[in-house]
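Working notes, beginning with the structure itself.
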Protein chains: 2
Amino acid sequence: MVRKTILIFAALVVALLALFQLSKYSILTGDSSIETIISIIAIIFFIIGVIINKRILHKEKSTTNKIDYKKIEELGLSKREYEVLCTVALGLSNKEIAEKLFVSESTIKTHVSNILIKLDAKRRTQAIQIAKELKIIQS
Amino acid sequence: MVRKTILIFAALVVALLALFQLSKYSILTGDSSIETIISIIAIIFFIIGVIINKRILHKEKSTTNKIDYKKIEELGLSKREYEVLCTVALGLSNKEIAEKLFVSESTIKTHVSNILIKLDAKRRTQAIQIAKELKIIQS
DNA sequence: TTAGGACTCATACTAAAGTATGAAATTGAA
DNA sequence: TTCAATTTCATACTTTAGTATGAGTCCTAA
């Protein structure tokens with residue numbers, strides 16, 4: 001993360017120094033005008049600015065919307081319980097969840113009860129909210 | 001939207017032309033080295049690139065996460081019903097909502113029933129999901 | 001092999017959610 | 001003012017959700 005940024009900036013400095021030499025050479029030989037050099041530099045650094053900013057924002061976005069799997073473990077949610085939690089968040093009833101996962105409704109009730117305890121929720125709607133706040137399900 | 005972008009780019013071109021003149025002047029008078037000029041230009045355009053990119057992405061984000069008030073009207077949800085819908089999405093029970101809005105629990109039940117009909121949902125959890133998909137509540 | 005965790009299921013219960021119906025008060029626009 | 005929509009409330013009911021308890025199965029790590 002930090003190393004990448006350092007590398008990118010190092011590359012930028014090198015590119016800049018190279019451009020210095022190019023500009024000097026160009027002026028001396030008269031191959032191209034100073035305006036062209038400056039324009040190219042401006043465009044290049046404009047593009048670099050856009051790219052770097054996009055990467056940073058993309059990283060932020062991916063980290064803010066990412067599911068916190070560590071949290072799931074910390075809460076002690078089992079694989080099946082997490083599965084049920086996700087279907088609950090989709091708005092399914094216990095009966096529908098039971099059919100979807102090929103188990104009985106009473107099994108789902110047991111799972112949901114355990115989920116509520118582990119998430120410290122009173123209702124399934126509250127569990128959904130808490131799960132989203134804890135970033136353990138998609139918001 | 002588009003006009004703003006044109007204006008910004010026009011300003012950039014003007015700034016660039018101004019820098020041309022400055023660079024020429026500086027070289028002639030020997031006030032500063034060509035390296036300094038180029039560095040400044042590079043930094044300025046890098047920053048401009050970052051700012052423009054940030055604005056564009058911010059605009060995208062704000063439009064994708066914005067609440068669709070037209071949809072709320074289309075669905076025929078009344079002011080109070082929408083209010084109840086929001087509290088339901090927070091995970092509150094009918095009783096808690098009643099206390100929060102200073103009305104009886106039966107009133108909330110009536111509202112919720114009407115909300116379910118208007119959102120074509122079978123349960124409140126499903127209503128929350130649908131409302132989020134329709135972008136009429138915060139996701 | 002065995003102890004514990006995860007998953008399953010059932011029964012019996014309480015609590016909450018949701019439906020249906022009717023009705024009164026309020027409000028805003030024509 | 002009057003009419004329609006909104007908001008409010010109640011009662012009686014059905015359905016779904018959630019709790020408590022006990023128990024059987026399966027799998028895995030010690």
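All figures in this text were calculated on a predicted structure; none of them were measured in a lab. In what follows, every chain begins at residue 1, and chains take the letters A, B, ... in the order their sequences are listed.
Remark: the A:N94 side chain and the A:R124 side chain contain an N/O donor-acceptor pair separated by less than 3.5 Å. For the 3.5 Å distance criterion, the side chains of A:T107 and A:S104 qualify, holding a donor opposite an acceptor.
The interatomic distance linking B:E96 (CD) with C:dA15 (P) rounds to 16 Å, in whole Å. In this structure, A:I97 places its CD1 atom 13 Å from P of C:dT8, rounding to the nearest Å. What separates OH of A:Y82 from P of C:dA6 is a distance of 17 Å, to the nearest Å.
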Base, backbone or nothing for each nucleotide of nucleotides 6-21 of chain D, written B, S, -, heavy atoms under 4.0 angstrom, 5' to 3'?
-SBBB------BBB--
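Using a 4.5 Å cut-off between side-chain heavy atoms of Ile, Leu, Val, Met, Phe, Trp and Tyr, with links allowed through other members, A:I52 and A:L57 fall into different hydrophobic clusters.
With contacts defined as side-chain heavy-atom distances shorter than 4.5 Å, the pair B:I115/B:V88 does not qualify. You'll find the side chain of A:E60 reaches within 4.5 Å of the side chain of A:I56, heavy atoms only. For the pair B:H58/B:R55, no side-chain contact is recorded, criterion being any heavy-atom separation below 4.5 Å from C-beta on.
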Short heteroatom pairs, N/O only, protein and nucleotides 24-29 of chain C, under 3.5 Å:
none

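Note that CD1 of A:I51 and CG of B:N53 are 9.5 Å apart. Values are rounded to the nearest 0.5 Å.
Salt-bridge annotation for A:R80 and A:E83: present, with a side-chain N of the basic residue lying under 4.0 Å from a carboxylate O of the acidic one.
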